[in-house]
Each structure stands twice: as structure tokens, then as C-alpha cells.
J.: 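Shown below is the structure under consideration.
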Amino acid sequence: GIADGRGAWFQSSGPVDTRVWDASGRLLLGASPGRRRPAELATLLGGRRVRRVTCSAGEGIRLSDAVTVAWLTACRRWLRRYAGLGVAALVARPARLSLTPTHADMEFELSSVNLAVRRAGLDLDPGWLAWFGRVVSFHYRNA
């Protein structure tokens with residue numbers, strides 16, 4: 001639901017890799033080394049028409065940077081579409097952060113609860129996050 005579904009998707013092939021973009025040309029959907037699109041992308045494409053282009057918005061950008069921009073673009077689109085929020089409204093909220101070697105606890109004042117964040121379930125405790133190496137918890141307290 002975050003890829004622009006209107007029109008064809010785009011494939012750009014450079015000297016190092018091949019990249020597939022959504023119809024807007026701003027969201028990287030997949031990449032592979034070499035000049036040919038791998039069979040694994042067929043599932044993602046689902047029979048959608050793909051136009052080959054010689055350049056795109058992300059042409060010339062290192063793949064790691066293109067993936068980072070794609071994640072941010074996907075997060076922005078998801079937040080707007082499903083939660084009615086921008087990234088800043090989600091992350092720029094006053095809180096107290098407590099970090100230990102095993103835990104990350106964020107404490108918010110109950111009076112500053114953002115209902116859009118609550119409705120979208122974006123403040124549910126994820127618990128242990130192996131990639132972060134900590135248990136993450138959200139707490140709400142009366143001032």
C-alpha cells in the first residue's frame with residue numbers, strides 16, 4: 001500500500017546494478033547486482049508492466065543511500081496514509097529516555113498523549129528487539 005500503483009514501474013540498469021522503482025520514480029522497490037532483473041523480483045512485480053529507463057531520480061546514488069531514502073519514503077507514505085501523521089509528529093515528542101545495557105524505556109506525560117499515535121498502535125511495546133539488542137518499552141505517567 002505504500003508503492004504508487006498508478007502507471008508502470010520503472011527499471012534502471014546501470015553499470016553496477018539494476019533497480020526497480022514505483023510509478024512515482026521516488027520509491028526504490030528492489031535492486032540487484034548486474035544489468036538483469038532477477039527472477040525474485042517477479043513476485044514483487046506481480047505481472048505489472050515495467051518500463052526500462054536510462055535514468056531515474058535515484059540514478060548515481062550509492063545503493064546503500066538509495067535504500068535509506070526508500071525506507072524514509074516508505075515510512076512517510078505509511079504514516080500519512082494509515083496514521084495521518086508526519087515523521088516529525090511521531091518522533092518529535094517530549095519524553096524521557098532511559099537506556100541501560102538491556103533496556104530502552106521511553107516515558108511520556110499522560111497529558112501529552114497523541115491520539116493518532118495511540119490509534120495507529122505506534123506506541124505498543126515491541127519488547128525485545130534483537131537488531132537493537134534491548135527491550136523497548138513505552139510508559140505514560142501523570143505529571
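We use all heavy atoms of the structure for the numbers below, so side chains are in, but hydrogens, waters and symmetry mates are not. Residue indices begin at 1 and follow the sequence shown.
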J.: Not counting sequence neighbours, which residues clear side chain to side chain donor-acceptor pair (under 3.5 Å) with H103? List them please.
T.: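 Partners of H103 under the side chain to side chain donor-acceptor pair (under 3.5 Å) test: none.
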J.: Looking at every non-hydrogen atom in both residues, tell me the closest pair between A74 and L27 and how far apart they are.
T.: N-CD1, 4.1 Å
J.: How far does CZ of R96 sit from CD of E109, to the nearest 0.5 angstrom?
T.: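 Rounded to the nearest 0.5 Å, the CZ-CD separation comes out at 9.0 Å.
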J.: Through direct or indirect side-chain contacts below 4.5 angstrom among Ile, Leu, Val, Met, Phe, Trp and Tyr, which residues connect to F132?
T.: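 Listed partners: L97, L99, M106, F108, L110, V113, L115, L129, W131, V136, F138, Y140.
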J.: Could you note down all residue pairs passing salt bridge (charged side-chain N to carboxylate O under 4.0 Å, His left out) where residues 82-95 supplies at least one of them, sequence neighbours left out?
T.: none
J.: With sequence neighbours left out, which residue pairs that include part of residues 124-143 fulfil the salt bridge (charged side-chain N to carboxylate O under 4.0 Å, His left out) condition?
T.: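 Applying salt bridge (charged side-chain N to carboxylate O under 4.0 Å, His left out) to every pair that reaches into residues 124-143, excluding sequence neighbours, yields E107-R141.
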J.: Are D65 and V69 packed together at the side-chain level, in the sense that at least one heavy-atom pair is separated by less than 4.5 angstrom?
T.: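 They are not in side-chain contact.
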J.: Go through the structure and list residues passing side chain to side chain donor-acceptor pair (under 3.5 Å) with N142, not counting sequence neighbours.
T.: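 Expected list: none.
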J.: With sequence neighbours left out, what residues match R118 under salt bridge (Lys or Arg N to Asp or Glu O under 4.0 Å)?
T.: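 In terms of salt bridge (Lys or Arg N to Asp or Glu O under 4.0 Å), with neighbours along the sequence ignored, R118 is linked to D123.
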J.: My understanding is that only residues two or more places apart in sequence, or in another chain, count here; which of them pass side chain to side chain contact (heavy atoms under 4.5 Å, CB included) with W128?
T.: A130, V135
J.: Mind checking the OG1-CH2 spacing from T73 to W78? Nearest 0.5 Å is all I need.
T.: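 That separation rounds to 16.0 Å.
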J.: Write down the atom of R19, the atom of A66, and the distance for their closest heavy-atom approach.
T.: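 Nearest pair, atom of R19 first, then A66: NH1-CB, 3.8 Å.
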J.: Who passes side chain to side chain contact (heavy atoms under 4.5 Å, CB included) against L85, sequence neighbours left out?
T.: A83, A89, N114, A116, V117, L122
